[in-house]
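A short write-up of the structure that comes next.
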Amino acid sequence: MKKAPARKLSLAMVLCLSFTMMLSGCGGNNNAAAPTEAPAAKEAATPAPSADNNGTSTNAPDPATAGSPLDLAMKGEYKGTKVTMFGPFVDADQVKFESSIKDFEEKTGIDIQYEGSKEFEATINIRVDGGNAPDIADFPQPGLLASIAKTGKVIDLTGVLDQAKLTANYNKSWLDMSTMDGKDGKIMAGIWNRSNVKSLVWYPKKQFDEAGYTVPQTWDEMMALTEQIAKDGDPAWAIGIESGAATGWAATDWVENIMLRTTTPENYDKWVSGELPFTSPEVKNAVEVMSKIWLNKDYVYGGAKSIVTTAFGDAPKPMFDNPPKAWFNLMGNFITSFFPETAKVDTDYDWFYLPPIDEQYGKPVLVAGDIYSMFNDRPEVRAVMEFFTTGESIKSWVQSGGVIAPMNDASLDWYQSESDRRMAKLVQDASTLRFDGSDLMPGKVGAGTFWKGMTDYVSGTATLDQALEQIQSGWKN
């Protein structure tokens, strides 16, 4: 899905929700459970006794018990237990999520009680601080999880999940992104279960092929094709960043993608954490590369000034005119929900990978997704967490379309279109994966000055230097 302006906007509701939610946060501890003897995970180190988020002591696993928690769950060892889960999935997404866990619940007898909320980001801190944390929480923004992990209230999964199995089943970048600062050092703060890909350029395939154009493999080839399309009478790019109060978020995807293609992953990480300022040469260069497309009136449908007034969901529409009035739209895989209902994937439209700029940085892929964290350590919770590290846990959702599984054991045959299969393969084979940078930054920057600064720059109300200074000022607050 997209950068989820609705989720980011919910951060602004924290103050008005705090008083109301404090009552439920302090009103009792519903998650505490009687300590039970947890089984040892096969091939995993046995962790020392710990306490759950609510202060209830939990026992160390019994090394005499054979099988991992998931193995034992499948044998019915935890039948009749309940695991609470809180996250942002509501409406259609909640239905898809609950469908994806139904078979597991039936086989194990574990009842995963999921609660979805559009105000997840605004309420999870209140619940954790009030001793009312769920057993498992789904964070669409890992930056929010990182802030909670520092309090010591997130269970370190290093000794809970079999690390060898995780290494075999995930691209190393996913595991790197799950490592965060805990209260007393680095911890494995969560596991990834659902991902979205944000390094995709969408185009009208049928008419693109009929025009004799060829998918570019390098940035130079893409720029040459952009120029060729302009000479043929059309602007190549369909770009829009209007999104109500969240206007500007779509611009951040461009900057993040270009950063990954023009500097090291380490510099990207420093930029996201605030160590590398927006005023640095690396960030300024990324925006300048973007500007060679955005600020060229021959390259953008409607010209540069139309970018800030065109809704991101409306931007691709000219690609589906006959003949197309624009040809390319850089956006995450969620954007297809804004395409005409009659348009068919793999026939009427397709995507190509946003090409590399500097070959020394390989083929990086920008992603977003959901990371599941654990707050209460009980055998049945461990079993559910282990289940979520398997492709099987998201199989039905993959088959229904709209998401990409980050696990290597998710079969490419599950995907219903060649487009989705290629997307999954792209994620599996990426030289570097990095999460959406603005979602990792503090809200005042990533969902604040970054959005506004880019909007001001593109609209012409601020120079590039002024915009970058303005964005950087968000870190001072």
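Computation of the quantities below employed the complete heavy-atom set of this structure, encompassing side-chain atoms and omitting hydrogens, waters and symmetry-equivalent molecules.
The aromatic rings of F86 and F120 lie tilted to each other, with the angle between the two planes from 30° to 60°. In this structure, F97 and Y114 have tilted ring planes: the angle between them lies in the 30° to 60° band. Aromatic ring pairs are classed by plane angle as parallel below 30°, tilted from 30° to 60° and perpendicular above 60°; the pair F139 and F375 is tilted.
Among all heavy-atom pairs drawn from S199 and P364, the shortest one is OG-O, 4.3 Å. Taking each heavy atom of S373 and V154 in turn, the nearest pair found is CB-CG1, 4.2 Å. Residues N333 and V197 come closest through the heavy atom pair OD1-N, 2.8 Å. Here the closest non-hydrogen pair linking W475 and P442 is CH2-CD, 3.3 Å. Minimum interatomic distance between V287 and L464 (heavy atoms only, all atoms of both residues): CG1-CD1, 3.4 Å. Of all non-hydrogen atoms in E282 and M259, the two that sit nearest each other are O-SD, 3.6 Å.
Side-chain atoms of N171 come within 3.5 Å of backbone N or O of S173 as a donor-acceptor pair. Here the side chain of S195 pairs no donor or acceptor atom with the backbone of A368 at under 3.5 angstrom. Of the possible donor and acceptor atoms, none in the side chain of T84 sits under 3.5 Å from a partner among the backbone N and O of P134. Between the side chain of E386 and the backbone N or O of L70 there is at least one donor-acceptor pair closer than 3.5 Å.
If you check the side chains of S243 and W249, you find a donor sitting under 3.5 Å from an acceptor. For the 3.5 Å distance criterion, the side chains of N408 and N169 fail to qualify, holding no donor opposite an acceptor. Under 3.5 Å, the side chains of S273 and E275 contain a donor-acceptor pair of N or O atoms. Residues D420 and Q416 bring no donor and acceptor atom of their side chains to less than 3.5 Å of each other. Defined by atom type and a distance below 3.5 Å, a donor-acceptor pair is present between the side-chain atoms of S438 and D436.
To the nearest 0.5 angstrom, I258 atom CD1 is 7.0 Å from L354 atom CG. To the nearest 0.5 Å, the span separating CD1 on I357 from OG1 on T263 amounts to 11.5 Å. E119 contributes atom CD, which lies 11.0 Å from atom CD1 of I126 (distance to the nearest 0.5 angstrom). The distance from the CG atom of L161 to the CZ atom of F388 is 12.0 Å, given to the nearest 0.5 Å. Between the OG atom of S396 and the CD1 atom of I101 there is a distance of 9.5 Å, given to the nearest 0.5 Å. Once rounded to the nearest 0.5 Å, the distance linking OG1 of T214 with CG of L225 reads 8.0 Å.
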Under the side-chain hydrogen bond (donor to acceptor under 3.5 Å, both in side chains) rule, what do S393 and N193 come out as? Steps first, then yes or no, please.
-> CA-CA 8 Å; S393 69; N193 186 259; 2.9 Å; yes
Could you walk me through whether D129 and K153 pass salt bridge (Lys or Arg N to Asp or Glu O under 4.0 Å), step by step?
-> CA-CA 9 Å; D129 292 343; K153 295 181 179 180; 3.5 Å; yes
Criterion salt bridge (Lys or Arg N to Asp or Glu O under 4.0 Å) on D181 and K150, from CA distance to verdict | CA-CA 6 Å; D181 290 327; K150 291 178 182 178; 5.2 Å; no
Please test Q466 against Q470 for side-chain hydrogen bond (donor to acceptor under 3.5 Å, both in side chains), starting from the C-alpha separation and ending with a verdict.
-> CA-CA 6 Å; Q466 289 172 337; Q470 175 187 346; over 6 Å; no
How far apart are the C-alpha atoms of D156 and T158, what are their side-chain angles, what is the distance that settles it, and do they pass the side-chain hydrogen bond (donor to acceptor under 3.5 Å, both in side chains) test?
-> CA-CA 6 Å; D156 183 1; T158 304; 2.7 Å; yes
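Using a 4.0 Å cut-off between a side-chain N of Lys or Arg and a carboxylate O of Asp or Glu, R261 and D358 do not qualify as a salt bridge. Classification of R434 and D269 as a salt-bridged pair holds, one side-chain N sitting under 4.0 Å from a carboxylate O. Under the 4.0 Å criterion applied to side-chain N and carboxylate O atoms, K284 and D465 are assigned as salt-bridge partners. Using a cutoff of 4.0 Å between basic side-chain nitrogens and carboxylate oxygens, D93 and K96 are not scored as salt-bridged. With respect to the salt-bridge test (charged N to carboxylate O, under 4.0 angstrom), the residues E418 and K425 do not qualify. Between D348 and K344, no side-chain nitrogen of the basic residue sits less than 4.0 Å from a carboxylate oxygen of the acidic one, so the salt-bridge criterion is not met. Salt-bridge formation is not detected for the pair K231/D298: no Lys NZ or Arg NE/NH1/NH2 atom is positioned less than 4.0 Å from an Asp or Glu carboxylate oxygen.
For S419, the side chain to side chain contact (heavy atoms under 4.5 Å, CB included) criterion is met by W202, V345, D346, D350, W351, S417, M423, not counting sequence neighbours. Partners of S337 according to the side chain to side chain contact (heavy atoms under 4.5 Å, CB included) rule, which considers only residues two or more places apart in sequence or in another chain, do not exist here. Legend: residues meeting side chain to side chain contact (heavy atoms under 4.5 Å, CB included) with A304, ordered by chain and number and at least two apart, are L295. Not counting sequence neighbours, the partners of A405 by the side chain to side chain contact (heavy atoms under 4.5 Å, CB included) test are I394, V398, M407, A410, Y415. D184 meets the side chain to side chain donor-acceptor pair (under 3.5 Å) test with no other residue; sequence neighbours excluded.
Residues Y203 and Y349 keep their aromatic ring centres 6.0 Å or farther apart.
Side chains of F334 and K198 form no contact here, defined as non-hydrogen atoms less than 4.5 Å apart. Side-chain contact between I307 and W294: present, with at least one pair of heavy atoms (C-beta onward) separated by less than 4.5 Å.
For the ring-ring contact (aromatic ring centres under 6.0 Å, His included) with F435, the lone residue among W192, Y268, W174 that qualifies is W192.
Within a 6.0 Å sphere centred on CD of E210, heavy atoms belonging to other residues, nucleotides or ligands number more than 12.
Sorted by first then second residue, the ring-ring contact (aromatic ring centres under 6.0 Å, His included) pairs that include residues 211-238, not counting sequence neighbours, are F208-Y213, Y213-W327, W237-W254, W237-F328.
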